[in-house]
Structures are given as C-alpha cells and as structure tokens.
Amino acid sequence: MTTTFTIGALGKAAGVNLETVRYYERIGLLPAPPRSDGGYRRYDGTAVQRLRFIRRGRELGFGIDEIRTLLQLADHPQQPCDAADRLAQRHLAEVEAKIADLQAMRDVLARLADCHSRSAEHCRLLETLEQRDCCVHRD
C-alpha cells in the first residue's frame with residue numbers, strides 16, 4: 001500500500017506550511033491530488049519530493065516562474081540541461097549584483113554611523129536622508 005499524506009502531513013514532511021501547499025497547488029506548481037471519500041486531499045510521496053524541490057529553489061532565491069521552468073525540466077529529464085544552466089547563470093549574475101549593492105550600502109552606512117554628533121541637527125545620517133549639507137557647528 002502506498003503512503004499518502006494529508007495536507008498538514010505533506011507540509012510538515014516538505015518543510016512548508018499549509019497555505020504554501022495550497023498556494024503552490026493553486027498556481028499549478030503542485031498538481032491537485034486525488035481526494036478521499038470524505039473530500040480530503042491525499043498526496044503521495046512525489047508531492048513531498050516536488051515540494052522540497054520548490055522549497056530548495058525558493059531558498060536559493062529563484063522566482064516562481066524560474067521554479068516553474070526548473071520543474072518542467074525536472075519532469076522531462078531527457079531534455080538538455082542548457083536551459084537550467086542559463087537560468088542559473090542569470091540568477092547568479094543577479095545575486096552578485098545584489099551583493100555588490102549591499103556592500104556599497106554597508107560602506108555608506110559605516111561612514112554615516114560613525115558620526116559622534118551631540119545633536120540630531122548635525123547627525124550625518126539625518127543630513128544624508130534629508131539631502132542637506134552638513135550643518136556648520138556654531139560656537
């Protein structure tokens with residue numbers, strides 16, 4: 001006899017919550033399962049594998065459309081891998097651009113955080129956010 005899962009057991013086995021399972025089913029990433037006589041969804045082991053695949057892809061930062069493409073490739077393993085390679089290369093470039101942006105942001109914040117002003121009037125961060133020139137300290 002094949003093991004089946006309720007939606008709650010499926011979510012737990014795959015490491016996602018119920019609403020995530022329902023969402024992925026609604027948008028077509030997870031096929032709708034058969035239902036029991038009582039109307040309950042009954043998922044099999046392939047649903048667990050598929051949800052784990054989706055979860056891992058999302059953890060790597062792939063978007064829903066990218067996940068959909070990767071699932072199509074996984075569902076047809078005889079297809080060439082070059083589409084997955086291109087997708088990974090494009091995503092890697094996006095991640096590297098975000099890292100560069102975050103490093104630049106860190107550098108600016110490090111300069112602004114080292115203000116040592118006694119008042120908000122002369123705070124470097126506030127001046128930067130308000131786009132005003134540094135106040136002249138008056139004696």
Side-chain angles (χ1 to χ4, degrees):
M1 183 169 158
T2 306
T3 302
T4 61
F5 300 85
T6 62
I7 192 169
L10 173 69
K12 187 172 184 176
V16 300
N17 67 48
L18 295 176
E19 290 306 314
T20 300
V21 174
R22 288 184 181 118
Y23 173 69
Y24 290 155
E25 191 176 314
R26 191 170 54 251
I27 64 171
L29 291 183
L30 184 66
R35 295 197 178 241
S36 69
D37 291 338
Y40 294 100
R41 294 174 171 97
R42 300 304 300 179
Y43 298 92
D44 61 15
T46 59
V48 175
Q49 292 173 321
R50 192 170 185 92
L51 271 177
R52 287 179 180 163
F53 181 100
I54 296 167
R55 190 195 75 222
R56 284 191 297 265
R58 297 294 286 152
E59 287 170 351
L60 288 173
F62 288 106
I64 294 296
D65 289 336
E66 294 167 321
I67 297 289
R68 191 179 313 280
T69 299
L70 292 169
L71 283 169
Q72 289 169 352
L73 290 168
D75 289 343
H76 301 93
Q78 72 284 0
Q79 291 182 351
C81 179
D82 59 338
D85 289 342
R86 284 191 308 273
L87 199 146
Q89 289 166 355
R90 186 173 58 241
H91 190 62
L92 177 60
E94 291 169 2
V95 167
E96 288 173 341
K98 287 178 186 178
I99 289 170
D101 287 345
L102 287 170
Q103 288 172 332
M105 196 181 314
R106 179 197 60 212
D107 293 345
V108 169
L109 287 171
R111 283 192 308 274
L112 295 175
D114 194 24
C115 178
H116 305 296
S117 175
R118 292 180 185 240
S119 68
E121 179 182 16
H122 303 291
C123 174
R124 287 182 191 167
L125 176 59
L126 297 179
E127 290 168 351
T128 299
L129 294 175
E130 292 175 352
Q131 295 182 331
R132 61 184 163 96
D133 290 331
C134 191
C135 295
V136 177
H137 295 281
R138 295 184 173 92
D139 293 321

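Residues: numbered from 1 along the sequence shown. When reading the values below, keep in mind they use all heavy atoms of this one structure, side chains included, and skip hydrogens, waters and symmetry mates.
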**Asked** Within the side chain of R52, is there an N or O that forms a donor-acceptor pair under 3.5 Å with the backbone of A13?
**Response** yes
So how far is it from [X] [atom1] to [Y] [atom2], rounded to the nearest 0.5 Å?
X: L71; Y: H76; atom1: CG; atom2: NE2; result: 11.5 Å
X: I64; Y: I27; atom1: CD1; atom2: CD1; result: 4.0 Å
X: T46; Y: D75; atom1: OG1; atom2: CG; result: 10.0 Å
X: K12; Y: L18; atom1: NZ; atom2: CG; result: 11.5 Å

Taking the side chain as every heavy atom from C-beta outward, state whether [X] and [Y] have any pair of such atoms under 4.5 Å apart.
X: Y43; Y: L51; answer: no
X: L10; Y: R50; answer: no
X: R41; Y: T6; answer: no
X: F53; Y: L70; answer: yes

**L109 reachable from L126 in the ILVMFWY side-chain graph, under 4.5 Å edges** = no
**Message:** By the salt bridge (Lys or Arg N to Asp or Glu O under 4.0 Å) test, which pairs, at least two apart or in different chains, include something from residues 57-68?
**Reply:** R55-E59
**Request:** Determine, for E19 against R22, whether the closest basic-nitrogen to carboxylate-oxygen distance falls under 4.0 angstrom.
**Result:** yes
**Prompt:** Would Y40 and I7 count as a side chain to side chain contact (heavy atoms under 4.5 Å, CB included) if you check the C-alpha gap in whole Å, the side-chain angles of each, and the deciding distance to 0.1 Å?
**Reply:** CA-CA 8 Å; Y40 294 100; I7 192 169; over 6 Å; no
Side-chain donor-acceptor distances from residues 88-108 under 3.5 Å, at least two apart:
from : atom 1 : to  : atom 2 : distance (Å)
H91  : NE2    : L60 : O      : 2.8

